[in-house]
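Only heavy atoms go into these numbers, but all of them, side chains included; no hydrogens, no water, no symmetry mates.
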Amino acid sequence: MESMRSDKTNQAGSFVLILVAMVLGVMIGLMTAGNMSRHRASGFKEKVGEVGSLIEQEYVDELSTDTLGERMLGVMLSELDPHSAYFSAREAERHAEMMRGTFEGVGIVLHYEGDSCYVGQVMPGGPSAGLGILPGDKILTVGADTISGKGLSNDTVVAKLRGPRGTRVRVAVERFKPAGGGWSTDTAVFDIKRGVVEHHSLDCATMLDDTTGYIQLTSFAATSYDEFHEALRRLKREGMRHLLFDLRGNTGGSLASAVGIAGELLPKGSPIVYTQGAHSRRHDVKARSGGLFTTGRVTVLVDENSASASEVVAGALQDNDRAAIVGRRTFGKGLVQTEFELRDGSSVLLTTARYYTPSGRCIQRSYRQGTGAYYREYLEQLMDEAYADSMAVHIADSTPYYTRSGRVVYGGGGIVPDRLLSYRKDRSFVYYNALASKRIIDKVAFSNVRRHRTEWLQRYADGEAFVSRFAVGSAMMDELVREGEAAGVACDRESLAAQDRLFRNMLKAHIAFALYGGEAYRKACLQTDEDISQLKTMKP
């Protein structure tokens, strides 16, 4: 996808709490004139309209009323609940692309270093695949526009690369090449015909052993059900009798996709979810016949970033006693949003219902104190649970609910797993976390991709071969230490030795992502996934 590559280090299972809290505060100071003009406003819509007219006609400074209107809409919706939102026309299109799982463009993932933009990955099967563009190429120009310099905007680069299918765009790149024992640079120009690019939400489907299949789903898009169905079918053919379904970090998406995926794992007629709101009647959804994996063993991995549609699936499987939910307490988003398009192409994402698990639980966390407190309390809960002496979880709502077999479960704050996994709190992870949070691991891996990609692509035919045979050498580890020190992270030799395997494996994983894609990245991560290591020690 033509977008900034997200830092994937936190998917390694390490205790990397890079907590980002976005709090919008509106502070209004009032100074009233002696003679107040009185305007009669009857009702909500009339009052909003009159205030808008007053601002246009009377405010002391010149204003862009369109910009002000969009800001006011965003603030107004955020006051309703933390998940209702306003999207500008451009934001609405990006959201639609995310939900569709497809977009029109050239099919490359972008990577940024300083003021420069690089090809982070050439998406397999996309318009740029097979043209000779390589990960690590520095993008010089797109069309007639130079792509470099301070203040380089990801949105600007993406807008230049994307366009209707069938149209063409010329992209010039700079690349390293060996020269007399050192390196020189060369340029190449590619004429790319834009097309439809599929952005898969299922990163990895593989067999962990002779009978255990593993599926990782990163979001719930319109294409997710089909991707899951096909992966399930393939793994069954390969002998899967136990499914490990990884929803860690999956923040949700399409409720319809969640229902379809849960239906593949539940017997016909099993309740999945019901929704209800002040303006919508209760709507119950049950599993249809024909699920591909309705009797085999299922384990679902969740964590603090599993939310919304992920919680629908986990809650349905837990309440039907169909799966063991393992991991850490989920986020706790039990609100359903409906998107309403406005005349100018912008849209409103409005909460229209709550969803309830089959036992009647609403797992939405309280937002009575406002959006800021909502996210602040979430972060405080994470820290409390991460550093607690035991793995006990505080339950905000003690109302008991009952699964199909009569087990007690609770709502009001996420899905509490049947089996809790601990956070990684060993001091030796501090150095790793410091390098990961500053993206030093990613930087060093990508630097080596730029220098050695041709050699590695020739040596390793595919991601499977790379993950199983490639080993990070001492030179790359030394480079990691140097880059860390240059970024202000002092080397901790003791931690470096204690987590040597993790450091080397994550460097390999980032290289695998650039050269071979998300599935190779995830397969590399599995080699040092602490959650899965803990899971293997548990009895069924």
Side-chain angles (χ1 to χ4, degrees), residues 11 13 200-209 211-221 223-267 270 272-273 287 291-331 357-358 403 414-421 518-519 522-523 525-526 529-536 538 540:
Q11 295 181 25
H200 295 294
S201 57
L202 196 154
D203 264 3
C204 184
T206 189
M207 294 294 291
L208 298 182
D209 56 42
T211 60
T212 303
Y214 172 86
I215 294 177
Q216 183 199 35
L217 194 70
T218 58
S219 66
F220 286 85
T223 58
S224 298
Y225 170 73
D226 290 338
E227 294 176 46
F228 182 82
H229 181 88
E230 180 54 37
L232 207 58
R233 185 185 299 278
R234 176 170 62 81
L235 294 178
K236 280 189 67 178
R237 287 199 302 264
E238 295 177 15
M240 178 180 70
R241 295 200 297 274
H242 171 207
L243 170 64
L244 180 55
F245 189 18
D246 191 350
L247 292 175
R248 290 174 299 173
N250 185 325
T251 57
S254 166
L255 181 59
S257 291
V259 166
I261 287 170
E264 292 290 349
L265 306 174
L266 288 166
S270 300
I272 296 176
V273 67
L292 279 179
F293 198 70
T294 60
T295 57
R297 181 182 163 206
V298 179
T299 303
V300 180
L301 269 174
V302 296
D303 67 7
E304 59 280 355
N305 293 314
S306 304
S308 191
S310 291
E311 294 170 304
V312 169
V313 173
L317 297 177
Q318 186 179 53
D319 284 4
N320 282 284
D321 295 305
R322 178 66 188 93
I325 312 301
V326 179
R328 293 175 284 278
R329 179 175 20 197
T330 61
F331 181 86
T357 70
T403 69
I415 300 291
V416 177
D418 302 308
R419 299 182 180 185
L420 290 167
L421 296 179
E519 183 163 21
R522 186 60 206 153
K523 286 181 177 178
C525 289
L526 286 171
D529 191 316
E530 181 65 21
D531 287 348
I532 292 180
S533 296
Q534 287 188 58
L535 183 60
K536 288 178 178 178
M538 295 180 175

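Atom CZ in Arg328 sits 9.0 Å away from atom CG in Leu301 (nearest 0.5 Å). The structure places CD of Glu304 at 10.0 Å from OG1 of Thr330, a figure rounded to the nearest 0.5 Å. Here CG of Leu535 is found 6.0 Å from CG of Leu244. Values are rounded to the nearest 0.5 Å. The line from CG of Leu243 to NZ of Lys236 is 11.0 Å long, rounded to the nearest 0.5 Å. In this structure, Leu266 CG and Phe293 CZ are separated by 12.5 Å, a value rounded to the nearest 0.5 Å. Residue Thr212 holds its OG1 atom at 7.0 Å from CZ of Arg297, rounded to the nearest 0.5 Å.
Arg419 places no side-chain N or O within donor-acceptor distance of the main-chain N or O of Met538, the cut-off being under 3.5 Å. At distances below 3.5 Å, at least one donor-acceptor pair connects side-chain atoms of Asp418 with backbone N or O atoms of Ile325. At distances below 3.5 Å, not a single donor-acceptor pair connects side-chain atoms of Glu238 with backbone N or O atoms of Thr211. Between the Ser257 side chain and the Ala221 main chain, a donor and an acceptor come within less than 3.5 Å of each other.
Here the side chains of Thr251 and Ser310 are not in contact, with every heavy-atom distance at 4.5 Å or above. Looking only at side-chain heavy atoms (C-beta outward), Asp531 and Val326 stay at 4.5 Å or farther from each other. At least one side-chain heavy atom of Leu247 sits under 4.5 Å from a side-chain heavy atom of Leu217. Contact of the Ile261 side chain with the Phe220 side chain is registered, since non-hydrogen atoms from C-beta on lie closer than 4.5 Å.
Residues that satisfy the side-chain hydrogen bond (donor to acceptor under 3.5 Å, both in side chains) test with Asn320, not counting sequence neighbours, are Arg404. In this view, Glu230 satisfies the side-chain hydrogen bond (donor to acceptor under 3.5 Å, both in side chains) rule with no residue, not counting sequence neighbours. For Thr223, the side-chain hydrogen bond (donor to acceptor under 3.5 Å, both in side chains) partners two or more places apart in sequence, or in a different chain, are Glu227. Residues meeting the ring pair (Phe, Tyr, Trp, His ring centres under 6.0 Å) test with Phe245, sequence neighbours left out: Phe228. In this view, His242 satisfies the ring pair (Phe, Tyr, Trp, His ring centres under 6.0 Å) rule with no residue, not counting sequence neighbours. Taking Asp226 as the reference, nothing meets the side-chain hydrogen bond (donor to acceptor under 3.5 Å, both in side chains) condition, with sequence neighbours excluded.
The heavy-atom pair separating Arg322 from Thr295 by the smallest distance is NH2-N, 3.3 Å. Minimum heavy-atom separation, Gly263 to Ala287: CA-CB, 4.2 Å. Shown here for Leu232 and Glu264, the closest heavy-atom pair between the two residues is CD2-CB, 3.9 Å. Taking all atoms of both residues into account, the shortest heavy-atom contact from Ala307 to Phe331 is CB-CB, 3.7 Å. Here the shortest heavy-atom pairing between Asp246 and Tyr214 reads OD2-OH, 2.6 Å. Looking at every heavy atom in both residues, Gly253 comes nearest to Ala309 through N-CB, 3.9 Å.
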Evaluation steps, side chain to side chain contact (heavy atoms under 4.5 Å, CB included), between Val300 and Val298: CA-CA 7 Å; Val300 180; Val298 179; 4.1 Å; yes
Full working for side chain to side chain contact (heavy atoms under 4.5 Å, CB included) between Leu202 and Gln216: CA-CA 6 Å; Leu202 196 154; Gln216 183 199 35; over 6 Å; no
Intermediate values then yes/no, salt bridge (Lys or Arg N to Asp or Glu O under 4.0 Å), Arg329 and Asp303: CA-CA 6 Å; Arg329 179 175 20 197; Asp303 67 7; over 6 Å; no
Working for side chain to side chain contact (heavy atoms under 4.5 Å, CB included), residues Val302 and Arg248: CA-CA 5 Å; Val302 296; Arg248 290 174 299 173; 5.6 Å; no
Stepwise side chain to side chain contact (heavy atoms under 4.5 Å, CB included) test for Val273 and Thr357: CA-CA 5 Å; Val273 67; Thr357 70; over 6 Å; no
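Using modelled atom types, one finds no donor on one side chain facing an acceptor on the other under 3.5 Å when comparing Thr218 with Asn250.
Summarising the local packing, CZ of Arg234 is surrounded by more than 12 heavy atoms from other residues, nucleotides or ligands at distances under 6.0 Å.
Under a 4.0 Å N-O distance rule, the pair Lys523/Asp203 does not qualify as a salt bridge.
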